[in-house]
J.: 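This is the structure I have questions about; it appears just below.
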Amino acid sequence: MVAERGDGTPTLGDIRTRISGQLSATAESGIALLAVSRRAEGDFIGYCGLIVGRATIDEPEIAYELYQRVHGHGLATEAAGVVVRAAAATGRRRLWATVRSWNVASLRVLDKLGFERDHVAVDDRGELVWLTRGLA
Ligand SMILES: CC(C)(COP(=O)(O)OP(=O)(O)OC[C@H]1O[C@@H](n2cnc3c(N)ncnc32)[C@H](O)[C@@H]1OP(=O)(O)O)[C@@H](O)C(=O)NCCC(=O)NCCS
């Protein structure tokens, strides 16, 4: 999946480092990226969940990524909708998302879930759109 991002193919070592970093972040924060699988096929198709990311543990970021072969069937929206409801059930009042301005598919997923644009920041990789959604 990481190789599909178009930044080259990572080595097995790179992937192990990345996964162990994600697992330590989960152990530290208590929030996680969860595996997404299709009910009928039972296959792993990506991840969706909450991360501290650029935000905070109380108002974390939603994050998701799916294999290209399953894009365009509403699956990210379905998975992210479940995560939004689960986040509300923890008593959290707000979620954030940060998305590159060119990422129309991700912005559309967030729009369908009721996120609204808060502001746009600029870093060395270009424009980053901050979106937010109240959970109350
Ligand atoms: C973002 C991502 C998870 C969306 O997954 P998905 O399962 O295809 O999303 P959904 O099918 O639920 O919704 C996608 C929406 O974007 C729309 N869309 C997709 N590409 C589009 C484009 N180039 N222009 C306009 N709309 C587009 C789809 O039509 C759909 O909207 P609709 O339901 O109104 O038709 C997927 O593209 C992905 O994994 N991208 C790489 C990782 C990534 O960018 N993650 C987010 C980082 S912030």
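Only this structure's heavy atoms are used, side chains among them; waters, hydrogens and symmetry mates stay out. Atoms within each ligand, like the ligands themselves, are counted from 1 in listed order.
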J.: Can you tell me which residues line ligand 1 if we count any heavy atom under 4.0 angstrom from one of its atoms, in chain and number order?
T.: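 Residues near ligand 1: Tyr64, Glu65, Leu66, His71, Gly72, His73, Gly74, Leu75, Ala76, Thr77, Thr98, Val99, Asn103, Val104, Ala105, Ser106, Arg108, Val109, Lys112.
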J.: Going by the rule salt bridge (Lys or Arg N to Asp or Glu O under 4.0 Å), which residues pair with Asp111 if we only count those two or more places apart in sequence or in a different chain?
T.: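 By the salt bridge (Lys or Arg N to Asp or Glu O under 4.0 Å) rule, Asp111 matches Arg108.
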J.: Does CD belonging to Glu78 count more than 12 external heavy atoms closer than 6.0 Å?
T.: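 Count not over threshold, so no.
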J.: Any chance you could pull the hydrophobic cluster mates of Val104, using side-chain heavy atoms under 4.5 angstrom and chaining through other members?
T.: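 Val104 shares its hydrophobic cluster with no other residue.
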J.: Using atom types as modelled and distance alone, determine if a side-chain donor or acceptor of Gln22 lies under 3.5 Å from a backbone N or O of Leu33.
T.: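 The answer is no, because no donor-acceptor pair under 3.5 Å joins these two groups.
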J.: Please list, chain by chain and in numerical order, all residues satisfying side-chain hydrogen bond (donor to acceptor under 3.5 Å, both in side chains) with Arg38, sequence neighbours excluded.
T.: Asp43
J.: The test is side chain to side chain contact (heavy atoms under 4.5 Å, CB included); show your working for Leu75 and Val36 and say whether it passes.
T.: CA-CA 9 Å; Leu75 296 174; Val36 177; 5.9 Å; no
